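Read the structure below first, then the notes.
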Number of protein chains: 2
Amino acid sequence: MFKKVLVSDDLGCTNEGVLSVIKSLKIKHAEQAQYCDDACLKIKRTQLDLDPFDLFITDLSFVKDHREQKYTSGKELIIALKKEYPHLKIIVYSVDDRLQKVRFLMNVHQTNGYVCKGRQGLVELENAIHAVYKNEIYVSPQLKPALSPKNDLEIEDFDILLIKLLSNGLSQEEISAHFKNENRSPNSLSSIEKRLNKLRIQFKANNAIHLVAIVKDLGLI
Amino acid sequence: MFKKVLVSDDLGCTNEGVLSVIKSLKIKHAEQAQYCDDACLKIKRTQLDLDPFDLFITDLSFVKDHREQKYTSGKELIIALKKEYPHLKIIVYSVDDRLQKVRFLMNVHQTNGYVCKGRQGLVELENAIHAVYKNEIYVSPQLKPALSPKNDLEIEDFDILLIKLLSNGLSQEEISAHFKNENRSPNSLSSIEKRLNKLRIQFKANNAIHLVAIVKDLGLI
DNA sequence: CAAAACTTTACGGGAAACCGTAAGGTTTTG
DNA sequence: CAAAACCTTACGGTTTCCCGTAAAGTTTTG
């Protein structure tokens with residue numbers, strides 16, 4: 001079984017809960033961190049040692065506070081860590097069950113597990129730890145569809161950005177100007193209208209307000 | 001100190017974390033529930049006994065799943081319990097830090113404590129337990145402003161409803177018609193425009209889309 | 001009870017969003 | 001390499017939103 005585990009979540013209570021599972025698995029050495037940067041530091045420091053952390057369990061969302069942070073989300077930290085230490089096993093433990101995010105972390109960045117916080121969260125986490133130890137990947141049952149390849153009728157980044165700018169109060173004309181500034185194409189007012197029209201249909205929205213509300217509820221922006 | 005505590009949160013890991021605090025306070029008897037209805041049942045059952053639960057710590061948001069529930073949120077359950085057992089001490093332990101909600105539960109329904117989940121959550125929870133045991137009320141420091149009386153320049157229900165309808169995709173004209181249907185006044189298109197204008201200024205929004213996005217982020221709708 | 005203050009409604013003009021059509025580019029494909 | 005398919009842009013017309021002003025109605029106040 002894993003020898004040394006790091007658990008990172010901004011909520012102390014969640015760390016406690018996860019640590020109780022770790023303990024029940026007879027893993028001797030476990031630590032916790034409440035900031036991504038702390039977690040990063042702890043991992044980097046021990047990678048040079050004889051017994052580095054061999055499993056990292058992390059939340060994705062970390063509430064900002066007074067402490068300035070280099071990494072402000074679990075996602076960023078995972079990307080950085082996987083680049084530097086591809087062999088470090090990482091399990092995400094998050095309430096965020098959006099398939100996009102799951103797919104991104106699992107497929108693009110080779111994260112080893114993704115467990116949804118939920119009523120069964122701790123049980124699933126235990127299963128995940130066992131699976132990942134056997135070099136398998138693990139995702140919570142409700143996230144399985146995320147990894148099935150057929151499910152790729154995706155919203156593009158462009159669309160997300162577009163809606164995000166809308167939600168920030170920019171008019172379609174301002175968005176067009178903004179895209180022209182950044183040399184991003186398409187950028188004509190007409191294209192933006194067209195894109196929004198497609199999105200409205202896709203999300204069954206009556207108008208732009210409705211669209212933004214729906215997409216916000218889905219957590220896409 | 002309290003003799004018998006019930007902890008309720010849909011996330012098992014959070015319950016574990018809270019229970020670890022309870023234990024450290026030498027409270028012998030503690031139980032947990034993952035559904036509001038379960039919590040309710042446990043409390044009701046022991047209220048007739050010699051040693052009923054004398055403290056109830058609960059989350060507010062409970063994710064719905066297959067199990068049909070009478071109470072679907074901590075708020076509803078608290079209201080019901082406080083009506084039936086006014087002397088039962090209740091502490092809210094939630095990520096939700098919206099002042100409106102705090103004020104509602106503390107002032108209107110005599111909840112005894114309100115602790116924000118956060119990095120310091122468990123420490124604050126411990127303080128809350130001590131305070132509540134001494135018949136004081138406790139709210140997390142960042143929520144203090146919620147209870148100061150001056151802070152009552154509230155958004156009216158009308159405004160909330162208005163923005164909600166907007167976010168549901170209704171045009172201003174449709175909203176006017178809708179209000180006329182329900183005999184709610186004011187209901188003219190002009191009044192609705194005026195109201196929205198005021199809200200846009202108040203929330204520093206560029207347009208209606210922006211307004212809806214801001215208000216959604218604040219969690220008011 | 002009448003003046004003042006406020007709220008609600010009406011209306012008109014300009015801006016932005018919405019919608020269809022069509023022209024000009026680019027990529028795909030036989 | 002040319003036809004087809006697709007994407008991007010342009011443009012005009014209609015609807016909705018945004019904003020100011022003013023009239024009508026309601027409440028407050030001396």
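Quick caveat: nothing in here was measured; it's all calculated off a predicted structure.
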**OP:** Using whole Å, report how far CZ of Phe158(A) lies from C1' of dC7(D).
**Re:** 12 Å

Subject >> Protein-nucleotide distance (Ile175(B), atom CD1; dT8(C), atom P), rounded to Å >> reply: 16 Å

Subject >> Polar contact flag, side-chain donor to acceptor under 3.5 angstrom, Tyr35(A)-Asp65(A) >> reply: yes

**OP:** Starting at atom CG of Leu189(A), determine the distance to atom C1' of dC19(C), rounded to an integer number of angstrom.
**Re:** 13 Å

Original post:
From the list dT8(D), dA10(C), dC18(C), which nucleotide is the closest neighbour of the side chain of Pro186(A)?
Top reply: dT8(D)

Subject >> Spacing of Phe179(B) atom CZ relative to dT7(C) atom P, expressed in whole Å >> reply: 17 Å

**OP:** For atom CD of Gln47(A), decide whether the heavy atoms of other residues, nucleotides or ligands shown that lie under 6.0 angstrom number more than 12.
**Re:** yes

Subject >> Sidechain N-carboxylate O distance under 4.0 Å for Asp54(A), Lys89(A) >> reply: no

Original post:
Do the side-chain N and O atoms of Glu76(B) and Thr72(B) include a donor-acceptor pair separated by under 3.5 angstrom?
Top reply: yes

**OP:** Side chain of Ser190(A) only, please: which of dT9(D), dC18(D), dC19(D) is the nearest?
**Re:** dT9(D)

**OP:** Look at the side chain of Glu193(A) and decide which nucleotide, out of dT9(D), dT9(C), dC18(C), has an atom nearest to it.
**Re:** dC18(C)

Original post:
Reckon Ser191(B) has a side-chain N or O less than 4.0 Å from the OP1 or OP2 of dT9(C)?
Top reply: yes

Original post:
Taking atom P of dC19(D) as reference, at what distance in whole Å does atom CD1 of Ile192(B) sit?
Top reply: 16 Å

**OP:** Among the candidates dC19(D), dC17(D), dT9(D), find the nucleotide nearest to the side-chain atoms of Ser188(A).
**Re:** dT9(D)

**OP:** With rounding to the nearest 0.5 Å, note down the distance linking CD in Gln69(B) to CG in Leu77(B).
**Re:** 10.0 Å

**OP:** Quickly work out the Asn207(A) CG to dC18(D) P distance and round it to whole Å.
**Re:** 10 Å

Original post:
Considering only dC18(C), dA16(C), dC17(D), which nucleotide approaches the side chain of Ser171(B) most closely?
Top reply: dC17(D)

Original post:
Any side-chain N or O of Asn197(A) less than 4.0 Å from the OP1 or OP2 oxygen of dC18(C)?
Top reply: no

**OP:** Ignoring backbone atoms, establish whether Arg200(B) has a side-chain N or O less than 4.0 Å from OP1 or OP2 of dC19(D).
**Re:** yes

Original post:
Lys194(A) side chain: which of dT9(D), dC18(D), dT9(C) is closest?
Top reply: dT9(D)

Original post:
Could you give the CD1-to-C1' distance, from Ile209(A) to dC17(D), as a whole number of Å?
Top reply: 9 Å

**OP:** Establish, with yes or no, whether the OP1 or OP2 oxygen of dA15(C) is under 4.0 angstrom from a side-chain nitrogen or oxygen of Gln172(A).
**Re:** no

**OP:** Check whether any side-chain nitrogen or oxygen of Asn187(B) sits under 4.0 Å from OP1 or OP2 of dT9(C), and answer yes or no.
**Re:** yes

**OP:** Would you please classify the geometry between the Phe2(A) ring and the Tyr133(A) ring as parallel, tilted or perpendicular, with 30° and 60° separating the classes?
**Re:** perpendicular

Subject >> Length of the line joining Lys198(A):NZ and dA17(C):C1', which is rounded to integer Å >> reply: 19 Å

**OP:** Answer yes or no: does a side-chain N or O of Arg195(B) lie under 4.0 Å from OP1 or OP2 of dT7(C)?
**Re:** no

**OP:** Output yes when at least one side-chain N/O atom of Asn206(B) is less than 4.0 Å from OP1 or OP2 of dA16(C), else no.
**Re:** no

